[in-house]
Q: 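The structure that follows is given in the form of structure tokens.
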Amino acid sequence: MKQPPNPYLVLAVAILLPGVGQVLNRQPVRGLIFVCFAVLLGGFTLKTAAPDVSFVGKVSGGLFVWAMAVLDAYKTARIRQAVWSHANAPR
């Protein structure tokens, strides 16, 4: 089994680019799904928000999905790192 990427590297990349953390975790379809839902939900809230709402409020749906993608990528990377460390521990 190949060593998984460092969870902190996955976290940093996931914060900068949504969906890429999942790609680093070898889950590209999951990353694509997160990106699609972030764009769709961000666009939906952008079109349905009241005119006096701030920009962050207008894209809050996309930001929420982005935050979930970051947490998912980091959690998956931590679990994979722990499983790999346990499997390759000296006996």
Side-chain angles (χ1 to χ4, degrees):
M1 181 176 177
K2 184 179 171 186
Q3 181 176 4
N6 186 331
Y8 294 118
L9 172 68
V10 172
L11 177 65
V13 170
I15 289 172
L16 295 175
L17 299 166
V20 179
Q22 281 78 12
V23 173
L24 284 177
N25 286 331
R26 294 184 292 277
Q27 297 175 314
V29 174
R30 189 179 185 114
L32 183 63
I33 290 170
F34 271 118
V35 169
C36 288
F37 274 105
V39 169
L40 287 173
L41 199 53
F44 178 76
T45 56
L46 181 66
K47 292 294 183 184
T48 59
D52 60 334
V53 176
S54 70
F55 178 74
V56 173
K58 288 182 179 183
V59 295
S60 61
L63 292 176
F64 175 74
V65 175
W66 186 0
M68 292 298 105
V70 169
L71 291 173
D72 176 71
Y74 179 66
K75 180 189 74 161
T76 302
R78 291 268 321 251
I79 291 170
R80 287 183 178 207
Q81 182 71 31
V83 168
W84 184 85
S85 296
H86 180 71
N88 294 315
R91 296 173 195 240

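Predicted model, so just to flag it, every value in this text is computed and none were measured.
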Q: Report the residues that fulfil side chain to side chain donor-acceptor pair (under 3.5 Å) with Arg26, sequence neighbours left out, ordered by chain and then residue number.
A: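 Result, side chain to side chain donor-acceptor pair (under 3.5 Å) vs Arg26: none returned.
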Q: Return the minimal non-hydrogen interatomic distance between Asn25 and Ala73, and the atom names on each side.
A: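 Residues Asn25 and Ala73, closest heavy atoms: ND2-O, 2.9 Å.
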Q: Using 0.5 Å steps for rounding, measure from the CG atom of Leu71 to the OG1 atom of Thr76.
A: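 Rounded to the nearest 0.5 Å, the CG-OG1 separation comes out at 10.5 Å.
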Q: Considering only residues two or more places apart or on different chains, which pairs with a residue in residues 38-51 satisfy side chain to side chain donor-acceptor pair (under 3.5 Å)?
A: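 Qualifying pairs, neighbours excluded: none.
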Q: Sorted by first residue and then second, give each salt bridge (charged side-chain N to carboxylate O under 4.0 Å, His left out) pair with at least one member in residues 9-18; sequence neighbours left out.
A: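 Counting only pairs at least two positions apart or across chains, no salt bridge (charged side-chain N to carboxylate O under 4.0 Å, His left out) contact touches residues 9-18.
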Q: Count the heavy atoms of every other residue, nucleotide or ligand shown that sit under 6.0 Å from OH of Tyr74, and state whether that count exceeds 12.
A: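 Yes, the 6.0 Å shell around OH holds more than 12 heavy atoms from other groups.
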Q: What's in the same ILVMFWY side-chain cluster as Val83, cut-off under 4.5 Å, chained through other members?
A: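 Traced through the cluster, Val83 reaches Ile79.
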Q: I'd like to know if Ile15 and Phe34 are part of one continuous hydrophobic network [Ile/Leu/Val/Met/Phe/Trp/Tyr, side-chain heavy atoms within less than 4.5 Å].
A: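 No; tracing contacts between hydrophobic side chains, which count when under 4.5 Å, never links both residues.
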Q: Would you say CZ of Arg80 has more than 12 non-hydrogen atoms from neighbouring residues, nucleotides or ligands within 6.0 angstrom?
A: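 Above 12, so yes.
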Q: Among Ile, Leu, Val, Met, Phe, Trp and Tyr joined by side-chain contacts under 4.5 Å, find the other residues sharing a cluster with Val20 and list them by chain and number.
A: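 When side chains under 4.5 Å apart are linked, the cluster holding Val20 also contains Leu9, Val10, Val13, Leu16, Leu17, Leu24.
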Q: Does anything in residues 34-43 pair up under salt bridge (charged side-chain N to carboxylate O under 4.0 Å, His left out), and if so which pairs, sequence neighbours excluded?
A: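 Qualifying pairs: none.
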Q: Would you give me the side-chain donor-acceptor pairs under 3.5 Å for residues 51-66, sequence neighbours excluded?
A:
unit_1: Ser54; atom_1: OG; unit_2: Gly57; atom_2: N; d: 3.3
unit_1: Ser60; atom_1: OG; unit_2: Gly57; atom_2: O; d: 3.1
unit_1: Trp66; atom_1: NE1; unit_2: Ala14; atom_2: O; d: 3.2

Q: Can you list every pair that meets salt bridge (charged side-chain N to carboxylate O under 4.0 Å, His left out) and has a residue in residues 5-22, with sequence neighbours left out?
A: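 Those involving residues 5-22 do not exist here.
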Q: Under the side chain to side chain donor-acceptor pair (under 3.5 Å) definition, can you give me all pairs with a residue in residues 28-44, not counting sequence neighbours?
A: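 Matches after skipping sequence neighbours: Arg30-Asp72.
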Q: Please check if Met68 and Val29 belong to a single hydrophobic cluster, counting links between Ile, Leu, Val, Met, Phe, Trp and Tyr side chain heavy atoms closer than 4.5 Å.
A: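 Yes, same cluster.
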Q: Indicate every side-chain donor-acceptor pair of residues 1-8 with a distance under 3.5 Å to a residue at least two apart or in another chain.
A:
unit_1: Asn6; atom_1: OD1; unit_2: Tyr8; atom_2: N; d: 2.9

